[in-house]
Every structure is written in structure tokens, then in C-alpha cells.
Number of protein chains: 2
Amino acid sequence: MNENTAPLQRAEAEEYASWFKALADATRIQIVSLLARRRAPMSVGEIVTASGVGQSTVSHHLKILAEVRFVLVERQSTSSLYRINEACVSCFPTAADVVMGNPVPAAPTCE
Amino acid sequence: MNENTAPLQRAEAEEYASWFKALADATRIQIVSLLARRRAPMSVGEIVTASGVGQSTVSHHLKILAEVRFVLVERQSTSSLYRINEACVSCFPTAADVVMGNPVPAAPTCE
DNA sequence: ATCGTCCATCGACGATATTCGATAAATGTG
DNA sequence: CACATTTATCGAATATCGTCGATGGACGAT
């Protein structure tokens, strides 16, 4: 098990929390799973119609997901194409990471 | 990879979100890591002095963590002894579970 | 240049969450 | 019984979050 016995300081706990906060909302989880199941990038409009919430709400959630690099953006003429960041899915901390005090992973940029 | 291509319905997304909400707060993460590093159960008073937040706040967070079975309680005379639920740490969903649409795990009672 | 489309941002609102102090309930001690 | 200790709960203040409608900016088409 190899636990780290040093106490977890506040700053590290906040970093962990920001990771979990990104997936602590049902709408964001829907968006993420939507992007993951279509392998292809999706425009905001497509996500809006597929998720059933307002356009500004989708845009807001996509911004939060992009801040932790969970999704990646690519502007193409007038539309923004979002896609899942596969590398980020695998580096997302597990509960065991938190409990054992593993170093907080940095979000991968993926190109 | 074996993804599930069926769309994720709202109810399932909510269940996932409730898992991540439990670890979406820095104070709760501190409490959880505290309990995990001491193998022994801790009383509320010990957690209060170790975490530096108010007693009622600690009690509140412990209640939330106990609701998802992340910690287990055992009343002993006047004090409540909390300890981490190892089984729950390992069944906590990963980001890959969310993305691939794995079934949402149920919190283990552990005795 | 004007219009239409697509998206991000702003402002606002209600809902939810975090935190604290005070109080109450349970239990052991004198 | 009275008292101290420990924890849970209540009430309230504050902060954060999720959602929407409206606005504005970027870009392409006519």
C-alpha cells in the first residue's frame, strides 16, 4: 500500500478538490460522456441539442471542463470543436490517490 | 476500450455526480486523507484539532462522507469513532468509468 | 456592407454549500 | 442529582454554483 504518512496540507487538498469538482455536476458528466462516445469532435450547437440545456449553459460547462484540460478546443471558422482529452481521462486522480497522498497530477495538454 | 455507445441518461449522471461531489471539497479531502493515514479510528475531537476547522463543520462533513460510505462510524460511550472504508476507496468510480459508461458502483457497507 | 450563424460573456436569479456559534442530546463522573 | 465532556443538530450568514436570457464579437455568405 505504501502510504505517505505526512499530513496533507491545505493547498494540495484544494488542487485535488478542483479535479473532482469538474465531475461533480450531472450536466458536465453528460457532456463528457457524450464527447467520449462520439469519437469525433462536436460543435457547441451539437452538444446543446444533444444535452437539452441552454447554449450559454453548455458554453459555461465546456469552459470549466477545458480549464482542467478534460476537453480540448479547436476553433474552426465560426464554430468551436470540442473533443475529449484521452490523456486527461487516465491521469484523473483516483480516490486511492487522494487517500494515499500521491502527488497531484498536472493536466496534460495533449499537443 | 470497449465503450458503451448508448447515451448516458440523466439519472445515471446524477449518481456519478454524487460520488464526485463527496470529494469535491478541500476540507473533506483533508479529513479523508487524515483518516487514511492513521490506520486507527479517530474521534471527532481529534479530527477537529488536526484539521483546524470548527467542530460543527467537521461533524457536518463527516456526515456527508458517511452517507456515501466513504467513512464508517462506531459509537463508543460518549465519542464517535470514524475510520476510512477501504472497500469504498477502491470502488470509487474513475474518470474512465464515467467516460466509458460503466455501471455506477454502489457504496459498500463493509460489515 | 449587410445579414445570418455560431459561440463566449455578462448580469441576474434561485438553489445549494460551507462555515460558524449556540443549543440540545447522550453518556460518563463526582 | 448535578456537572463535565463529547457529539449532533439547528439557525443564520456568507459564498459558490447552475441556469437562463440578452448582448456582443467573430466569421462566412450574399
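Treat the numbers as computed from the prediction; the structure is a model and nothing was measured. A note on names: the letters A, B, ... follow the listed sequences, proteins ahead of strands, and every chain is numbered from 1.
Side-chain nitrogen and oxygen atoms of A:R28 include at least one within less than 4.0 Å of the OP1 or OP2 phosphate oxygen of D:dG18. Not one side-chain nitrogen or oxygen of B:H61 sits closer than 4.0 Å to the OP1 or OP2 atom of C:dA17. For D:dT6, neither phosphate oxygen OP1 nor OP2 lies less than 4.0 angstrom from any side-chain nitrogen or oxygen of B:Y82. For B:S80, a side-chain nitrogen or oxygen approaches OP1 or OP2 of D:dA8 to under 4.0 Å.
Put simply, CD on B:E74 is 13 Å from P on D:dA8, counting in whole angstrom units. Between B:I64 atom CD1 and C:dT19 atom P there is a gap of 9 Å when expressed in whole angstrom units. For the pair B:Q30 CD and C:dT18 P, the interatomic distance rounds to 14 Å; values are reported in whole Å. As a whole-Å value, the separation of B:L23 CG from C:dA17 C1' is 16 Å. Atom-to-atom, CD of A:Q76 to C1' of D:dA26 comes out at 15 Å; the value is rounded to the nearest Å. Straight-line distance from the CZ atom of A:R75 to the P atom of C:dT5: 17 Å, rounded to whole Å. Between the C1' atom of C:dA8 and the CG atom of A:L81 lies a distance of 15 Å, rounded to the nearest Å. As a whole-Å value, the separation of A:L62 CG from C:dA8 P is 7 Å.
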From CA spacing to verdict: side-chain contact (heavy atoms from CB on, under 4.5 Å), A:R10, B:T27:
CA-CA 8 Å; A:R10 186 75 183 185; B:T27 303; 3.1 Å; yes

CA sep, side-chain torsions, deciding dist, call: A:C88, A:V68, side-chain contact (heavy atoms from CB on, under 4.5 Å):
CA-CA 8 Å; A:C88 196; A:V68 296; 5.6 Å; no

From CA spacing to verdict: side-chain contact (heavy atoms from CB on, under 4.5 Å), A:R38, A:R83
CA-CA 9 Å; A:R38 320 232 180 146; A:R83 66 182 197 279; over 6 Å; no

Please step through side-chain contact (heavy atoms from CB on, under 4.5 Å) for the pair B:I31 and B:L62, ending with a clear verdict.
CA-CA 8 Å; B:I31 292 176; B:L62 285 171; 3.8 Å; yes

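Closest to the side chain of A:S79, out of C:dC7, C:dT18, D:dT19, is C:dC7. The side chain of B:K63 has D:dT9 as its nearest neighbour among C:dG28, D:dT9, C:dC6.
Put simply, CD1 on B:I84 and CG on B:L65 are 8.0 Å apart, with the number rounded to the nearest 0.5 Å.
Listed in residue order, the members of residues 43-60 of chain A having a heavy atom less than 4.0 Å from DNA chain C are A:S43, A:V44, A:G45, A:Q55, A:S56, A:S59.
Considering only residues two or more places apart in sequence or on other chains, A:F70 meets the ring-ring contact (aromatic ring centres under 6.0 Å, His included) condition with A:F92.
The side-chain contact (heavy atoms from CB on, under 4.5 Å) with A:M42 is formed by just one residue from the set A:L81, A:L34, A:V48; it is A:L34.
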